[in-house]
Amino acid sequence: MTISKTALLHADTLAAHLKTRLPHRRVDALKRLAEVLLALLQAESTLHRKIALHLPREATLESKTRVVARVFHDAQLTPQDVCDVLLPLLPDGKLTLVMDRTTWHYGQTPLNILVLGAILGGAVIPLVWKVLPHQGNSCTAARILLVARLLKVLPNKRWAVLIADREFVGQEWCRYLRWKRIRHCLRIRENTRIEDELVRDLFLDLKPGEVRTLFERTWVYGGWMHVVITLSPVGDRVIVASNLPIVDVLKTYRLRWRIESAFSALKLRGLNLEATHMTDADRISRLFGLLCIVLAWMVRVGAQEQGQTPVRSDNRGRPIRSQVRTGWMALSEAVRWGRDGFWSYLQLLNTPFLPTGTLIP
């Protein structure tokens, strides 16, 4: 079987899988979607013409480029569709959620996406997102809308904790999280006032790596929370407020870095989100959703591969290759060269991640 016929067969098989998750979508639309998903994986670029190079169609490059554009222009492809494809990957039990933003510029045009996702494997898999119509920080209303959207498919009893950085603070925001009974772990700003004192004035003699805490809960953003302060090796004060047990606050917040790993895989060091020339919010949203499916698939395959054959660690004890990179290598080879492993990799797209457990019961 030729490479082109193998790729067409893979696209048909992936389209059949997508039909089980999205029964309301037309078969021909799902076939185009499957072709573009597999092409995105191989192209490692979001430029239409580079994606088109990997479409297994007997057509001119211009014609294939129009097929790619048609997928990104398809208004029927919604964020809910992407979420429906990703939901089977969620293991039973509680999940650790992370909220953050990723931003870049196309020329003078700022592009800004607010993301809420779950820690699965070695990265955060975005489940809901919103393209913001402005640059800079998100507003409370946008954050609340994102949480409300996810609560429709993932009830609060499944949320172990929501982790977020200094941008995602405020009395109204924290009040909403308490109302929804969502425990949270938030890095707060140094100008936050607690008990008539600025937190930047606490523990001024702190040394790098040292951890201090107020052993009693204090009133922060309209609720009682523990406050933990540490100094990073480079001298950056990290102040975290949370309604978690005090011993869990800092080690929970440290999990936030996994969303940075996801953004890195989606952007320059991976699927190259910044390369797109699109600026329309709806089209950017559809592109981001497709990249999230590809990312989740790569992480799921990478977790499986590294579980069977652990990768070597460097001198600092870190794996020399991430789960994302391991998954990309395995999937790309299977898609292009027709390895039998493609069929088992496709099954993984419908198989939950192994429960990693959470720090929070």
Review point. Does the Trp328 side chain pair with the main chain of Leu41, one donor and one acceptor, at a distance under 3.5 Å?
Key: yes

Practice item. Have a look at Val220 and tell me which of Ile194, Leu186, Val169, Val199 forms a side chain to side chain contact (heavy atoms under 4.5 Å, CB included) with it. Key: Ile194

Practice item. Determine whether Leu295 and Pro126 make a side-chain contact, defined as any pair of heavy atoms from C-beta on separated by less than 4.5 Å. Key: yes

Exercise for review: Answer yes or no: is there a donor N or O on one side and an acceptor on the other, between the side chain of Gln306 and the main chain of Ser322, under 3.5 Å?
Suggested key: yes

Review point. In terms of ring plane angle, is the pair Phe72 and His48 parallel, tilted or perpendicular, where the classes change at 30° and 60°?
Key: tilted

Review point. Are Trp179 and Met225 connected, step by step, through hydrophobic side chains (Ile, Leu, Val, Met, Phe, Trp, Tyr) whose heavy atoms are closer than 4.5 Å?
Key: yes

Practice item. Please confirm whether the backbone N or O of Val115 pairs with a side-chain atom of Lys130, one donor and one acceptor, at under 3.5 Å? Key: no

Review point. Which residue pairs satisfy the salt bridge (Lys or Arg N to Asp or Glu O under 4.0 Å) criterion with at least one member in residues 100-117, sequence neighbours excluded?
Key: Asp100-Arg256, Arg101-Glu167

Review point. Do Thr13 side-chain atoms and Leu9 backbone N/O form a donor-acceptor pair below 3.5 Å?
Key: yes

Check your understanding: What is the minimum heavy-atom distance between Thr276 and Thr46, and which atoms define it?
Key -> N-OG1, 3.0 Å

Review point. Is a side-chain donor or acceptor of Gln135 paired with a backbone partner of Pro110 at a separation under 3.5 angstrom?
Key: no

Check your understanding: Which pairs count as salt bridge (Lys or Arg N to Asp or Glu O under 4.0 Å) when at least one residue sits in residues 72-82, sequence neighbours excluded?
Key -> Arg25-Asp74, Arg25-Asp81

Exercise for review: Please round to the nearest 0.5 Å and tell me the distance separating atom OG1 of Thr60 and atom CZ of Arg66.
Suggested key: 6.0 Å

Point to revise | Asn156 side-chain N/O to Ile182 backbone N/O, donor-acceptor pair under 3.5 Å | key: no

Practice item. Kindly indicate whether a cation-pi arrangement holds for Arg300 with Phe353, taking the cut-offs as under 6.0 Å to the six-membered ring centre and within 45° of the axis. Key: yes

Check your understanding: Sub-3.5 Å donor-acceptor pair from the side chain of Thr230 to the main-chain atoms of Glu210, do we have one?
Key -> yes

Review point. Could you give the distance from CG (Leu77) to CG (Leu30), rounded to the nearest 0.5 Å?
Key: 9.0 Å

Exercise for review: Return yes if some donor-acceptor pair links the side-chain N/O of Arg183 with the main-chain N/O of Asn243 below 3.5 Å, else return no.
Suggested key: no

Practice item. Mind checking the CG-CD1 spacing from Asp165 to Ile259? Nearest 0.5 Å is all I need. Key: 10.0 Å

Point to revise | Polar side-chain atom of Arg149 near backbone of Trp129 as donor-acceptor pair, under 3.5 Å | key: yes

**Study point:** Atom pair NE2 (His184) and CZ (Phe168), whose distance is rounded to the nearest 0.5 Å
**Key:** 14.5 Å

Review point. Between Thr20 (side chain) and His17 (backbone), is there a donor-acceptor pair under 3.5 Å?
Key: yes

